[in-house]
> 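Dropping the structure in here first, questions after.
Residue numbers start from 1 in every chain, and the chains themselves are labelled A, B, ... in the order their sequence lines are given, proteins ahead of strands. Because only heavy atoms are used, hydrogens play no part in the values below, and waters and symmetry mates are left out as well, while side chains stay in.
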Protein chains: 2
Amino acid sequence: MARIVKDPEIRRTEIIDIAEELFLKSGYNETAVSDIVKRVGVSQGTFYYYFKSKEDILNAIIERYIDDIKVGVKAIAAKDDINAIEKIMAFFGFLNNMDQGKEKLIDYFHEDQNVHLHAKFEKNVPSNIIPPLCLMIEEGVQEELFDTKNPEMAALSIIGTTFAISHWMYDKEDRAGSTKKIMAAIFDLIERILGAEPGKFMKYAMKMEEAK
Amino acid sequence: MARIVKDPEIRRTEIIDIAEELFLKSGYNETAVSDIVKRVGVSQGTFYYYFKSKEDILNAIIERYIDDIKVGVKAIAAKDDINAIEKIMAFFGFLNNMDQGKEKLIDYFHEDQNVHLHAKFEKNVPSNIIPPLCLMIEEGVQEELFDTKNPEMAALSIIGTTFAISHWMYDKEDRAGSTKKIMAAIFDLIERILGAEPGKFMKYAMKMEEAK
DNA sequence: AATTGACTGACAGTCAGTCAGTCAGTCCAT
DNA sequence: ATGGACTGACTGACTGACTGTCAGTCAATT
């Protein structure tokens with residue numbers, strides 16, 4: 001094969017891109033390293049020059065997602081023209097959009113073959129999004145929008161609730177149709193967890209809808 | 001190898017037992033089918049006589065856990081000498097004891113090598129424990145102990161919260177020591193989610209403590 | 001004696017990971 | 001500018017280990 005030398009960073013990204021695509025399409029265990037290198041157009045050795053094992057490239061893929069999330073969430077947390085409720089809502093909006101950007105990443109995650117990817121992802125997400133979410137909650141407590149003594153636990157509860165509900169919805173057949181009801185239910189739970197005034201989140205959601 | 005014929009059900013259980021032990025000790029990907037059959041003392045072919053693939057036996061292991069949980073939870077839900085709060089607390093006590101019975105199954109689950117097992121487990125648990133938990137909550141609403149319009153969502157939120165907090169605690173170093181504080185925090189969150197009187201769960205917990 | 005079905009073990013095919021060596025690009029001395 | 005030394009990106013054949021198959025064996029049952 002013709003030997004083509006590239007900037008290591010570009011080559012690395014190239015390999016990660018293809019690996020991600022194949023893992024999502026066929027599953028981690030079902031994708032061979034040889035499938036990846038064939039698609040990239042490099043040798044087996046090159047793969048192991050960049051990644052010390054197959055598991056290692058999976059970690060690299062996850063890390064990239066986490067980094068994207070970190071950047072987006074930090075930007076929201078740093079805003080000073082919106083209040084805590086709007087931040088938390090923007091936060092969920094951002095997480096949702098990320099999925100969409102990757103062509104329904106979340107759809108892939110819920111296929112059985114991708115448990116491995118999904119599990120690693122959910123294992124690593126909380127430690128990165130709990131701290132900023134926690135800050136937003138503390139802000140809301142100071143603004144007297146929320147009433148909670150333990151912002152960290154509240155943050156965990158919100159994330160756990162959101163994960164659980166989104167998993168649950170994916171296992172049910174009748175996914176579409178009742179998104180509004182589900183949003184209302186999630187808002188209700190978040191308000192309860194945070195000790196916010198009932199209906200306050202929905203009120204803000206309507207306002208943002210109008211603003212468009 | 002000496003040929004020993006056993007009752008198929010016993011043989012099947014035998015293979016599952018060993019496989020479970022090895023998967024938990026060394027991880028799913030790191031355990032070879034040949035390791036399993038060597039330990040059981042049967043041939044490679046016997047393994048594939050009982051299970052159609054390596055993935056298949058993992059599903060069998062998970063199924064066994066789920067069945068244990070189902071039985072235990074049904075028994076609690078059927079009791080008529082305790083109220084909804086006591087049932088929910090018994091429910092969590094049962095889930096906790098199950099872990100202990102399996103020599104801290106939950107400890108193994110949180111090791112990185114076992115993401116595969118863990119993920120399959122958590123993917124399948126909710127669909128089995130949400131319905132009975134849901135019934136308990138509905139009971140509590142009728143008894144006017146709780147105030148919620150959507151018991152199913154509340155059940156999901158409680159399970160999600162519990163999972164998220166237990167994962168979070170395992171990733172933190174200072175695990176021991178503050179179990180009481182964590183229990184208090186979880187009770188507080190459950191009360192908020194269910195719309196129960198603040199401190200009510202803790203009150204029942206104290207009462208049960210005394211009863212011993 | 002015939003039938004059933006649990007069981008065997010050799011084997012085909014596949015895959016993760018290794019390694020000795022190759023070659024493109026860079027940099028410096030002539 | 002030209003060559004030669006050097007670096008590190010890259011190659012691909014190879015190995016050992018693995019999953020899953022299958023033709024056939026043997027114990028138990030009828």
Side-chain angles (χ1 to χ4, degrees), chain A residues 1-63 112-117 119-120, chain B residues 1-62 112-117 120:
Chain A
M1 196 194 284
R3 174 185 290 252
I4 298 159
V5 178
K6 290 195 183 177
D7 182 309
E9 210 161 309
I10 291 177
R11 188 43 40 101
R12 207 182 117 93
T13 306
E14 218 174 63
I15 301 173
I16 293 178
D17 285 342
I18 299 289
E20 183 188 334
E21 185 191 325
L22 296 181
F23 286 165
L24 287 174
K25 198 175 74 186
S26 320
Y28 174 79
N29 274 324
E30 292 69 26
T31 302
V33 171
S34 61
D35 295 335
I36 298 168
V37 298
K38 238 175 271 165
R39 268 286 307 274
V40 178
V42 294
S43 70
Q44 189 93 349
T46 301
F47 180 94
Y48 286 93
Y49 180 76
Y50 285 98
F51 305 97
K52 72 178 210 293
S53 69
K54 192 184 168 188
E55 185 80 19
D56 192 41
I57 198 174
L58 184 67
N59 290 330
I61 293 169
I62 301 296
E63 213 166 283
D112 211 58
Q113 70 206 166
N114 292 323
V115 274
H116 203 153
L117 220 161
K120 281 225 165 185
Chain B
M1 194 194 284
R3 182 191 206 89
I4 300 159
V5 178
K6 292 194 182 176
D7 181 307
E9 209 161 310
I10 290 177
R11 183 50 35 103
R12 208 182 116 91
T13 306
E14 217 173 64
I15 300 173
I16 293 179
D17 286 341
I18 300 288
E20 182 187 334
E21 184 191 325
L22 295 181
F23 285 166
L24 287 174
K25 198 175 73 186
S26 318
Y28 175 77
N29 274 324
E30 291 69 27
T31 302
V33 171
S34 61
D35 295 334
I36 299 168
V37 299
K38 238 176 269 164
R39 267 286 306 276
V40 178
V42 294
S43 71
Q44 192 89 351
T46 301
F47 179 94
Y48 286 94
Y49 180 76
Y50 285 99
F51 305 97
K52 75 178 208 294
S53 69
K54 192 183 165 188
E55 185 80 18
D56 191 43
I57 197 174
L58 184 67
N59 289 331
I61 292 170
I62 301 297
D112 211 58
Q113 71 207 161
N114 292 324
V115 274
H116 204 155
L117 219 161
K120 281 224 167 191

> Pick the closest DNA chain D nucleotide for B:Val5 and for B:Thr46 by heavy atoms, then say which residue is nearer the 5' end.
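Of the two residues, B:Thr46 wins.
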
> With rounding to the nearest 0.5 Å, note down the distance linking CZ in B:Arg39 to CD1 in B:Ile15.
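Rounded to the nearest 0.5 Å, the CZ-CD1 separation comes out at 13.0 Å.
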
> If you look at every strand shown and take non-hydrogen atoms under 4.0 Å, does A:Tyr50 touch a base, only sugar-phosphate, or nothing?
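Sugar-phosphate, backbone atoms only, no base.
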
> Output yes when at least one side-chain N/O atom of A:Tyr48 is less than 4.0 Å from OP1 or OP2 of C:dG17, else no.
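Indeed, a polar side-chain atom of A:Tyr48 lies that close.
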
> Can you identify which nucleotide, out of C:dT8, D:dG20, D:dG12, has its nearest atom closest to the A:Gln44 side chain?
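Nearest to the side chain of A:Gln44 among the choices is D:dG12.
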
> Between atom OH of A:Tyr28 and atom CD of A:Glu55, what is the distance when rounded to the nearest 0.5 Å?
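Result: 4.0 Å between the selected atoms.
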
> Is the phosphate of C:dT8 approached by B:Ser43 (side-chain N or O, under 4.0 Å from OP1 or OP2)?
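It does, given that an N or O in the side chain of B:Ser43 lies less than 4.0 Å from OP1 or OP2 of C:dT8.
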
> For the backbone of B:Thr31 and the side chain of B:Lys25, can you confirm whether one donor and one acceptor N or O come within less than 3.5 Å of each other?
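No; judged by distance alone, with no hydrogens or angles, the pair does not exist.
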
> Nearest-Å distance, NZ (B:Lys6) to P (C:dC7)?
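Between P of C:dC7 and NZ of B:Lys6: 9 Å.
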
> Let me know the distance between CZ of B:Phe47 and C1' of D:dT21, rounded to the nearest Å.
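So the CZ-C1' distance, B:Phe47 to D:dT21, works out to 14 Å.
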
> Return whichever of A:Gly45 or A:Asp35 has its heavy-atom-nearest nucleotide of DNA chain C closer to the 5' end.
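The 5'-side residue here is A:Asp35.
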
> Identify, residue by residue, the members of residues 53-62 of chain B with a heavy atom below 4.0 Å from DNA chain D, and return them in order of residue number, or none.
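Listed by number, they are B:Ser53, B:Lys54.
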
> I'd like to check B:Tyr50 versus B:Ile57 (side-chain heavy atoms, cut-off strictly below 4.5 Å). Are they in contact?
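Heavy-atom side-chain distance check fails, nothing below 4.5 Å.
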
> Nearest whole Å is fine: how far is D:dT19 P from B:Glu30 CD?
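One finds 11 Å between P of D:dT19 and CD of B:Glu30, rounded.
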
> Would you compute the distance between atom CD of B:Glu14 and atom CD of B:Glu9 and round it to the nearest 0.5 angstrom?
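It is 13.0 Å, given to the nearest 0.5 Å.
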
> Rounded to the nearest Å, what distance is computed from the CZ atom of residue B:Arg11 to the C1' atom of nucleotide C:dG5?
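Taking atom C1' of C:dG5 as the reference, CZ of B:Arg11 is at 14 Å.
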
> With both distances under 3.5 angstrom, what nucleotide forms a Watson-Crick or G-U wobble pair with C:dT14?
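Its partner is D:dA17 (Watson-Crick or G-U wobble, both distances under 3.5 Å).
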
> Rounded to the nearest Å, what distance is computed from the OH atom of residue A:Tyr28 to the P atom of nucleotide C:dC15?
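Computing the A:Tyr28:OH to C:dC15:P distance gives 14 Å.
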
> In the strands shown, is D:dA28 matched to any nucleotide by a Watson-Crick or G-U wobble pair with both distances under 3.5 Å, and which?
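The base-pairing partner of D:dA28, which may sit in any strand shown, is C:dT3.
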
> Please report, rounded to the nearest Å, how far the P atom of D:dG20 is from the CD1 atom of B:Ile36.
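So the two atoms are 11 Å apart, to the nearest Å.
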
> Specify the separation, in whole Å, of atom CZ of A:Arg3 and atom P of C:dG21.
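Distance, rounded to whole Å: 14 Å.
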
> To the nearest Å, give me how far apart CZ (B:Phe51) and P (C:dC7) are.
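It works out to 12 Å between those atoms.
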
> CG/A:Asn29 to NZ/B:Lys54 distance, rounded to the nearest 0.5 angstrom?
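Those atoms lie 7.5 Å apart.
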
> Report the distance from atom CZ of A:Arg11 to atom CD1 of A:Ile4, rounding to the nearest 0.5 Å.
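So the CZ of A:Arg11 and the CD1 of A:Ile4 are separated by 7.0 Å.
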
